[in-house]
2 protein chains.
Amino acid sequence: MSMSFYTADSLKAELHERGWRLTPQREIILDIFQNLAAGKHLSAEDLCELLHTEGHDISLSTIYRTVKLMARMGILRELELAEDHKHYEINQPHHHHHHLICVRCNQTIEFKNESVLKIGDKTSKKEGYHLLDCQLTIHAVCPACQRSILPV
Amino acid sequence: MSMSFYTADSLKAELHERGWRLTPQREIILDIFQNLAAGKHLSAEDLCELLHTEGHDISLSTIYRTVKLMARMGILRELELAEDHKHYEINQPHHHHHHLICVRCNQTIEFKNESVLKIGDKTSKKEGYHLLDCQLTIHAVCPACQRSILPV
DNA sequence: ACTCTTATTGAGAATAAGTCTCTTTTGAAG
DNA sequence: CTTCAAAAGAGACTTATTCTCAATAAGAGT
Ligand SMILES: [Zn+2]
Ligand SMILES: [Zn+2]
Ligand SMILES: [Zn+2]
Ligand SMILES: [Zn+2]
């Protein structure tokens, strides 16, 4: 959790460190996530549509490559929200939160907990790992689904 | 986390509660997971092979359906271990553990932490959810990958 | 034990998220 | 301005998982 906020310049610097390049596409995608309302997650498809409505046509290939790259750099969090595809959100410690997911209807509640990040820090440090992100995912059955008689 | 150990009978009872049936396939699959060494996770394909070597030929369709069913009942945990497929393991509070994953090489370390389950209990109770499982997943870069100069 | 209903299985087709390939474009260093 | 490897775009491809449907069998009732 090195950085809390990326600008085009800091992104550029970090890319150049590894011999990579800052492209307009990467800058635009970073910008989308920076300005996304708290609690919103985007799939690759979501992102593609959102970009389109804002007049940016970035190919799906590039979108997939970019979110994967940014997740591996620690800029984005890759979330598994009980659907059949991944979601991404910006990774900022002061907005750090976790997810409570109903396994039946997939409804997701976000919650904060200060000690989770501490556990992540401690554990990764102990093993010599460089921490990128830690997420607590709770699988449960929501009140509505507990009442329903529908299968599973 | 209602139950800590399932027998064929308790599985049967829980299935019948919902109008479902205990089949030989379900009993065998539960048995596999009950007897799996701690720290071992199986994908659907792994499970299929393992069943085959033990002389049980259960179709992939049934395997996929069964692990999904058992995860939704809280009997199995469904894990996302940074590969392109899910893994399953038995869900037992006294073997409750979490995963530290290298985003570059996918090497995974298991670790225990007592407070995680408490956070999961507290959070789900507060929202009126019925807890099935909670997992802390840490994404990080392992020591070897930090030293490597290979891309991402 | 026999019957009946319907959940479940098995086989294979279908789906779709994500990756790969290859050509063209372009960032950025000198 | 040149150079060249990195990156983008288009679309083919892969493959984990789901779906469909006919055949089977669990379990309740008689
Ligand atoms: Zn979130
Ligand atoms: Zn629900
Ligand atoms: Zn594990
Ligand atoms: Zn590694």
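So that the names make sense, note that chain A is the first sequence line, chain B the second, and so on, each numbered from 1.
Of the candidates A:I119, A:D121, A:T123, A:V116, A:C134 forms a side chain to side chain contact (heavy atoms under 4.5 Å, CB included) with just one, namely A:V116. Considering B:H41, B:E80, B:K40 in turn, B:H41 is the only one that fulfils the side chain to side chain contact (heavy atoms under 4.5 Å, CB included) rule with B:H87.
One interatomic measurement links the two molecules: CG of B:D46 to C1' of D:dA16, which rounds to 13 Å at whole-angstrom precision. If you measure from atom CZ of B:R18 to atom C1' of C:dT6, you get 19 Å, rounded to the nearest angstrom. Between the C1' atom of C:dG27 and the NE2 atom of A:H16 lies a distance of 7 Å, rounded to the nearest Å. Here the C1' atom of nucleotide D:dG9 and the OH atom of A:Y64 are 15 Å apart, to the nearest Å. Between B:E14 atom CD and D:dA26 atom C1' there is a gap of 18 Å when expressed in whole angstrom units. Protein atom CD1 of A:I29 is 11 Å distant from nucleotide atom C1' of D:dA8, rounded to whole Å. Between A:I28 atom CD1 and D:dG9 atom C1' the separation is 15 Å, expressed in whole Å. Atom CG of A:L11 and atom P of C:dA28 are 10 Å apart (whole Å).
A heavy-atom distance below 4.5 Å is found between the side chains of B:I138 and B:F111. Annotation: side chain of A:I63 is not in contact with side chain of A:E45 (no heavy-atom distance under 4.5 Å). Side-chain atoms of A:I29 and A:L51, non-hydrogen and from C-beta on, do get closer than 4.5 Å to each other.
Using a 4.0 Å cut-off between charged nitrogen and carboxylate oxygen, A:E78 and A:R72 do not count as a salt-bridge pair.
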Heavy atoms under 4.0 Å is the rule here; annotate nucleotides 7-15 of chain C 5' to 3' with B where the base is hit, S where only the sugar-phosphate is, and - elsewhere. BSBBBB---
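DNA chain D lies under 4.0 Å from no heavy atom of any residue of residues 74-81 of chain B.
The closest donor-acceptor contact from the side chain of A:S115 to the backbone of A:N113 lies at 3.5 Å or more, if one exists at all. When atom types are taken as modelled, the side chain of B:S10 and the backbone of B:Y6 share no donor-acceptor pair closer than 3.5 angstrom. The closest donor-acceptor contact from the side chain of A:Q146 to the backbone of A:V141 lies under 3.5 Å. Here the side chain of B:H139 pairs no donor or acceptor atom with the backbone of B:T137 at under 3.5 angstrom.
End-to-end axis angle for the helix from C:dA1-D:dT30 to C:dG30-D:dC1, using five pairs per end and rounding to 10°, comes out at 50°.
A side-chain donor-acceptor contact under 3.5 Å links B:H99 and B:E110.
Checking B:K12 against B:D84, the closest nucleotide of DNA chain D that is more toward the 5' end is the one next to B:D84.
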